[in-house]
Q: 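Dropping the structure in here first, questions after.
Letters A, B, ... mirror the listed sequences (proteins, then strands); counts begin at 1. Computation of the quantities below employed the complete heavy-atom set of this structure, encompassing side-chain atoms and omitting hydrogens, waters and symmetry-equivalent molecules.
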Protein chains: 2
Amino acid sequence: MRQLPERTVERLSQYRRVLLRLLSIKKEYIYSHELASLLHITAVQVRRDIMLIGHTGTLRLGYKIKDLVDLISTIIDTPGKRNLAIVGIGNLGQALINYIASNQDKIIPVAIFDVNEKKIGSTFHGVTCYSMDMMEEIVKKESITIALLTLPPQFAQSTANRLIEAGVKGIMNFTPTLLNLQGAFLEQYDMITSLEKVAYFSKPKFFVS
Amino acid sequence: MRQLPERTVERLSQYRRVLLRLLSIKKEYIYSHELASLLHITAVQVRRDIMLIGHTGTLRLGYKIKDLVDLISTIIDTPGKRNLAIVGIGNLGQALINYIASNQDKIIPVAIFDVNEKKIGSTFHGVTCYSMDMMEEIVKKESITIALLTLPPQFAQSTANRLIEAGVKGIMNFTPTLLNLQGAFLEQYDMITSLEKVAYFSKPKFFVS
DNA sequence: ATTTTTTTGTTAGCTTTATCACAAAATCAA
DNA sequence: TTGATTTTGTGATAAAGCTAACAAAAAAAT
């Protein structure tokens, strides 16, 4: 199958989460418009996404939830698991590791790196924190392919370079540093930009020039 | 001026941050291609954004940084400040309040709400935590127009409804609940979807069917 | 049996966002 | 002075993403 549009992949992830919940309450089939309304999008959008992944529903019955979940899984998951590292275990890093470990089971946090002597050697949500010096070694040994950057911005670029060099293929950058990467997929989350965007689009009409 | 494209607003926020740093080291003018390379985008994109906000540079000299920063500010900021509330002050809420309070000064955290008796009455980064019962009252009294949701997902929709009813105009939702809002701008950040997207696009070629 | 309703699948078109290509003007080089 | 170079500003075009519209088929209603 050809590489899917980014937005479709995002929605597939959301479809699956919603569908798993429905499966757990024994729902078997779902109509495009039902799924759409759960995500607050249109039914056509749902049907188009499902078409793109090559699944086909039953007329008048809708889509078989189990089959759809399985197909989405074979598409967006890697067979087996993916190992993940978190670099910088401050407040945000801790929030993320808890959240990730509790909310899905295909992407496994296996290592944490930090400079803080007090944190090195201790565990967070069962995952060991190592010194930054160990990064290359552990990334290779544990086959880590995804990394989260939650460290001070000035170290983001050099850390990203080291991670990619050691074999990481996907990076989520939570620092405001604008990274320049070669050979890895980058997902940037810039809190301040996001906040300023909300401020702009929610500006009282009053102030709009 | 007509409402700007979402992407342009995001980039304006980033331009400003980069430009402020350059101003602080006494740089006066900047070329579109310089700014572009700092953000890892194209020079045309930069010029088009600047065109959209009605600014004009000097041929052969580039853009006057001070003027550009001022213009971006009049466009994306509200005159005066905006007050912000954080609902749910767990690990993530604490990470966000610290980050927001330290990294910009137009959007001010003025209230926190939580259900935890131990947290109510105490302060985080100088901001008081109130009981959830006080939400409507405080939102009105403090003229809060932006809210961050970092509470358990099952309470996200009802809390959002209450906030909007009380006057909030922009909501950043960090829970995986897909909200249905009327009368407020919504920015959703779904960590798991984002992570699954990175996993998909960084999947070893090997596995791509 | 025929008509109406429901629901999928898909084409064509629309909107939004990004890029190409180039004119215009300022400066520099010869 | 003339020609080359640099850099902005923008119309035209392309790419990505979304939606409208409708055919096809199954089921339900009459």
Q: For A:Glu34 and C:dT6, give me the distance from atom CD to atom P, rounded to whole Å.
A: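 One finds 14 Å between P of C:dT6 and CD of A:Glu34, rounded.
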Q: Base, sugar-phosphate alone, or nothing: which one does A:Thr58 contact when heavy atoms must sit under 4.0 Å apart?
A: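 Sugar-phosphate only.
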Q: What nucleic acid atoms does A:Thr8 come within less than 4.0 Å of, heavy atoms only: base, sugar-phosphate, or nothing?
A: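 No contact.
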Q: To the nearest 0.5 Å, what is the distance between CE (A:Met134) and SG (A:Cys129)?
A: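 Between A:Met134 CE and A:Cys129 SG, I get 11.0 Å after rounding to 0.5 Å.
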Q: In terms of heavy-atom contacts, does CD of B:Glu142 have more than 12 from other residues, nucleotides or ligands at under 6.0 Å?
A: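 Counting neighbours around CD of B:Glu142, more than 12 heavy atoms of other residues, nucleotides or ligands fall under 6.0 Å, so yes.
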Q: Between B:Glu187 and A:Leu195 (side chain of the first, backbone of the second, donor and acceptor by atom type, cut-off under 3.5 Å), is there such a pair?
A: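 Answer holds: no.
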Q: Report, as yes or no, whether the 6.0 Å neighbourhood of atom CD on B:Glu28 holds more than 12 heavy atoms from other residues, nucleotides or ligands.
A: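 No.
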Q: Under 4.0 Å from OP1 or OP2 of C:dT19: is there any side-chain N or O of B:Thr42 that close?
A: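 The answer is yes; a side-chain N or O of B:Thr42 sits under 4.0 Å from OP1 or OP2.
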Q: In whole angstrom, give the distance that lies between atom OH of A:Tyr31 and atom C1' of C:dT5.
A: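 Distance check: A:Tyr31 OH to C:dT5 C1' gives 12 Å.
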Q: Round to a whole Å and report the spacing from CG of B:Leu4 to P of C:dT16.
A: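 The distance from CG of B:Leu4 to P of C:dT16 comes to 13 Å, rounded to the nearest Å.
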Q: Answer yes when A:Lys27 and A:Glu34 have at least one side-chain N-carboxylate O distance shorter than 4.0 Å, and no when they do not.
A: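 Yes.
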Q: Would a distance-only check, ignoring hydrogens and angles, find a side-chain to backbone donor-acceptor pair under 3.5 Å from B:Gln14 to B:Val9?
A: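 It does not hold such a pair.
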Q: Can you measure B:Arg11 atom CZ to C:dT17 atom P for me and round it to whole angstrom units?
A: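 B:Arg11 atom CZ is separated from C:dT17 atom P by 9 Å.
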Q: Find the distance A:Arg48:CZ to C:dA12:P and express it as a whole number of Å.
A: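 Going from A:Arg48 (CZ) to C:dA12 (P), I get 11 Å.
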Q: In this structure, how many angstroms lie between the P atom of C:dA18 and the CD atom of B:Glu6, rounded?
A: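 Whole-Å distance recorded here is 11 Å.
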Q: Kindly compute the distance separating CZ (A:Arg47) from OG1 (A:Thr42), expressed to the nearest 0.5 Å.
A: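 The CZ atom of A:Arg47 sits 8.0 Å away from the OG1 atom of A:Thr42.
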Q: Send over the distance from B:Asp49 CG to C:dA18 P, rounded to a whole Å.
A: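 Spelled out: CG on B:Asp49 to P on C:dA18 is 8 Å.
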Q: Does A:Tyr63 place a side-chain N or O at less than 4.0 Å from the phosphate oxygens OP1/OP2 of C:dG9?
A: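 Answer is yes, contact under 4.0 Å.
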Q: Do any N or O atoms of the protein come closer than 3.5 Å to N or O atoms of nucleotides 21-29 of chain C, and which pairs are they?
A:
{"from": "C:dA26", "atom 1": "N3", "to": "B:Arg60", "atom 2": "NE", "distance (Å)": "3.4"}

Q: Which atom pair, heavy atoms only, marks the closest approach of B:Phe113 to B:Ala85?
A: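 Reported closest heavy-atom pair: CE1-CB, 3.9 Å.
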Q: Rounded to whole angstrom units, what separation is found between the CD atom of B:Gln45 and the C1' atom of C:dC20?
A: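 It is 13 Å, rounded to the nearest whole Å.
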Q: Please identify the 5'-most and 3'-most nucleotides of DNA chain D with any atom under 4.0 angstrom from a heavy atom of chain A.
A: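 Range of nucleotides within reach of chain A: D:dG17 to D:dA28.
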Q: First locate atom CG of B:Leu84, then atom CD1 of B:Ile144, and finally report the distance between them rounded to the nearest 0.5 Å.
A: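 The CG atom of B:Leu84 sits 7.5 Å away from the CD1 atom of B:Ile144.
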